[in-house]
Student: 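Take a look at this one; I'll ask things after.
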Amino acid sequence: MRILFLGDIVGRAGRDAVLAALPGLRQRLNLDLIIINAENASHGFGLAPAMADALFAAGADVLTLGNHAWDRKELLGYIDSQPRLIRPLNYPPGTPGQGHTIVELPNGRRVLVLQVLARLFMELSDDPFRMTAELLGKHRLGVTVDAIVADIHGEATSEKMAYAHSFDGRVSLVVGTHTHVPTADTQILPGGTAYQTDAGMCGDYDSVIGMDKGAAAARFWRRAPGERLAPADGPATLCGVLLETDDRTGLAVAVSPLRQGGRLTQS
Ligand SMILES: [Fe+2]
Ligand SMILES: [Fe+2]
């Protein structure tokens with residue numbers, strides 16, 4: 001099975017580039033599934049329901065969120081009607097939406113996608129490790145589902161690596177989101193789980209993590225109410241991870257970074 005995971009879409013630049021590229025990517029890379037983090041798709045903060053609809057219509061199969069999940073409050077009334085839009089699994093009970101989804105492909109194969117929020121330097125949440133272990137107790141790779149993708153949304157590289165090693169051999173791919181910078185540690189772990197610490201963003205890299213560099217830099221120079229942050233609007237680089245799994249075991253047989261368009265070195 002071939003799966004593409006794209007990192008955080010930031011603002012219009014990222015959104016338009018993703019919408020334009022999705023149909024071509026699906027065909028050229030012969031993709032079975034496309035998963036995208038969309039927590040910053042609406043002007044850098046959150047995801048408006050209409051934009052979620054547009055991404056699904058363009059070919060996204062699953063959208064994940066993150067700490068910006070509820071920046072657009074309208075999403076609270078939308079998420080329960082769209083099972084393929086997921087928020088962190090380790091939000092407390094009673095939070096709208098779900099932290100995982102199972103997609104059934106036209107050929108009958110099933111893919112479990114989950115997202116957790118990391119805890120180091122992040123807002124309070126339940127334990128992502130134990131919540132993942134609990135979920136994976138109900139879904140066995142290669143037995144009840146054909147692939148499992150886990151998006152760990154967080155700052156700390158150490159926490160993401162520890163998480164990946166904890167579930168090595170039990171999921172197809174662990175990929176990080178949230179930092180908006182792609183890491184160069186793409187690999188298959190000893191147990192067969194593909195891993196990259198952060199997928200990077202889909203946005204303009206002539207920026208500070210996707211936001212206008214002038215206003216963002218000013219925040220480090222002085223402590224005063226300043227210009228509102230807005231997404232940078234130059235040409236976007238799409239960043240993500242391309243995964244190929246073994247149809248029998250669900251484990252990774254190949255993984256590579258994808259960087260397309262914009263100013264980053266292409267891959
Ligand atoms: Fe983000
Ligand atoms: Fe985030």
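Numbers here simply count residues along the sequence, with the first being 1. First listed ligand is number 1; within each ligand, the first listed atom is number 1.
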Student: D198 and side-chain hydrogen bond (donor to acceptor under 3.5 Å, both in side chains): which single residue from H178, H153, K160 fits?
Tutor: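 Result: among H178, H153, K160, K160 is the only option passing the side-chain hydrogen bond (donor to acceptor under 3.5 Å, both in side chains) with D198.
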Student: Can you tell me which residue pairs pass the ring-ring contact (aromatic ring centres under 6.0 Å, His included) test with a partner in residues 27-49, sequence neighbours excluded?
Tutor: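 For residues 27-49, and leaving out neighbouring residues, the ring-ring contact (aromatic ring centres under 6.0 Å, His included) pairs sorted by first residue read F45-H68.
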Student: Which heavy atom of L141 sits nearest a heavy atom of I148, and at what distance?
Tutor: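 Nearest pair, atom of L141 first, then I148: CD1-N, 3.7 Å.
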Student: Which N, O or S atoms belonging to the protein are less than 2.8 Å from the Fe ion (ligand 1)?
Tutor: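 For the Fe ion (ligand 1), the protein N, O and S atoms that sit under 2.8 Å away are D8 OD2, E39 OE2, N40 OD1, H180 NE2.
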Student: Could you tell me how the ring of H100 sits relative to the ring of H139: parallel (under 30°), tilted (30 to 60°) or perpendicular (over 60°)?
Tutor: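 Tilted, since the angle between the ring planes falls between 30° and 60°.
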Student: Under a 4.0 Å threshold between the charged nitrogen and the carboxylate oxygen, would D127 count as salt-bridged to R119?
Tutor: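 Yes.
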Student: Quick one: are M201 and T177 in side-chain contact, heavy atoms under 4.5 Å?
Tutor: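 They are not in side-chain contact.
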